[in-house]
Amino acid sequence: MTTAPPTPPASPPTGRTLDHPARAEIRLHSVLHALADPMRLSVVRRLAGGAAEQSCSSLELPVSKSTSTHHFRVLRESGVLRQTYRGTAKMNALRRADLDALFPGLLDSVLAAAGQEAERGH
C-alpha cells in the first residue's frame with residue numbers, strides 16, 4: 001500500500017491582502033465619518049473624477065506618509081474605497097456600486113456639494 005506524500009504546509013501570508021467590509025457590513029455613520037475629513041473627501045473627489053483605479057502615489061496628500069496611510073485606511077475600512085495591490089503599487093477604487101445600493105444618491109450628493117464648496121473657494 002502506497003501512502004500519499006505529505007501535503008506541503010500552506011504558504012505564509014504575504015501581507016498583500018487587505019480587509020474590506022462586505023457590502024452588508026458598511027454602515028452609514030462610518031461612511032459619513034470618512035467623508036467628513038477634508039483630506040479624505042479630496043481623495044474621493046479625485047477618484048470620482050479620474051480613472052477607475054488610481055495608485056496612492058497618484059493621489060498624493062500634503063501630509064506625512066503615516067497620516068496619508070491613516071486616511072486611506074479609514075476610507076477602506078468604512079467601505080468607501082477598495083484597495084488592491086498591483087505589483088508594488090496599492091490601487092484605490094471607489095466602491096460606488098456598493099454605496100449607491102446601500103445609500104442611494106449619497107455619494108453623488110456629497111460630491112456635488114464638495115464641488116460647489118470648492119467653487120466658492122472654501
**Report entry** Non-hydrogen atoms of A52 and A93 that approach each other most closely
**Finding:** O-CB, 3.3 Å
Query - Minimal non-hydrogen separation, A118 against R45, with atom names - result: CB-NH1, 3.7 Å
Query raised in the report: Between atom CZ of R76 and atom NZ of K90, what is the distance when rounded to the nearest 0.5 Å?
Result: 6.5 Å
Requested in this report: Name all residues meeting the salt bridge (charged side-chain N to carboxylate O under 4.0 Å, His left out) criterion together with D37; count only those two or more places apart in sequence or in a different chain, and write none if there are none.
Outcome: none
Query raised in the report: Can L99 and L106 be said to form a side-chain contact (heavy atoms from CB on, under 4.5 Å), step by step?
Result: CA-CA 8 Å; L99 294 173; L106 175 68; 6.0 Å; no
Query raised in the report: What is the distance from atom CZ of F72 to atom CG of L18, rounded to the nearest 0.5 Å?
Result: 12.0 Å
Query raised in the report: Is the backbone N or O of Q83 less than 3.5 Å from a side-chain atom of N92, with the two atoms forming a donor-acceptor pair by type?
Result: no
Requested in this report: Might you point out which heavy atoms bring H33 and R40 nearest each other, and give the distance in Å?
Outcome: O-NH2, 3.4 Å
Report summary line: dist R95:CZ -> L107:CG (nearest 0.5 Å) comes out at 12.5 Å
Report task. Determine whether S68 and E60 make a side-chain contact, defined as any pair of heavy atoms from C-beta on separated by less than 4.5 Å. Result -> no
Query raised in the report: Should L32 and L102 be counted in the same cluster of Ile, Leu, Val, Met, Phe, Trp and Tyr side chains packed under 4.5 Å apart?
Result: yes
Query raised in the report: Linking I/L/V/M/F/W/Y whenever any side-chain heavy atoms sit under 4.5 Å apart, do V43 and V74 land together?
Result: no
**Report entry** Joint cluster assignment, L41 & F103, ILVMFWY side-chain distance < 4.5 Å
**Finding:** yes
Query raised in the report: Looking at residues at least two apart in the chain, or sitting in another chain, which of them share a side chain to side chain donor-acceptor pair (under 3.5 Å) with R46?
Result: none
**Report entry** salt bridge (Lys or Arg N to Asp or Glu O under 4.0 Å) contacts in which one or both residues fall within residues 17-31, not counting sequence neighbours
**Finding:** R23-D98
Query - Partners meeting side chain to side chain donor-acceptor pair (under 3.5 Å) with T88 (sequence neighbours left out) - result: none
Query - hydrophobic_cluster_shared for I26 and L28, side chain cutoff 4.5 Å - result: yes
Requested in this report: Flag the pair L61 / T67 as yes when at least one side-chain heavy-atom distance between them is below 4.5 Å, and no otherwise.
Outcome: no
Report summary line: When rounded to the nearest 0.5 Å, the distance separating CZ of R86 from OG1 of T84 is 3.5 Å
Query - Qualifying residues under side chain to side chain donor-acceptor pair (under 3.5 Å), relative to S109, sequence neighbours excluded - result: none
Requested in this report: Can you measure from CZ (R73) to OG1 (T69) and round to the nearest 0.5 angstrom?
Outcome: 8.0 Å
Requested in this report: Kindly write out the residues that satisfy side chain to side chain donor-acceptor pair (under 3.5 Å) with D100, not counting sequence neighbours, or none if the list is empty.
Outcome: none
Report summary line: Rounded to the nearest 0.5 Å, the CG atom of L59 sits from the CG atom of L47 at a distance of 5.0 Å
Report task. Could you walk me through whether V44 and L94 pass the side-chain contact (heavy atoms from CB on, under 4.5 Å) test, one step at a time? Result -> CA-CA 7 Å; V44 171; L94 281 180; 3.8 Å; yes
Query raised in the report: What are the two closest heavy atoms between V80 and S78, and how far apart are they?
Result: CG2-OG, 3.2 Å
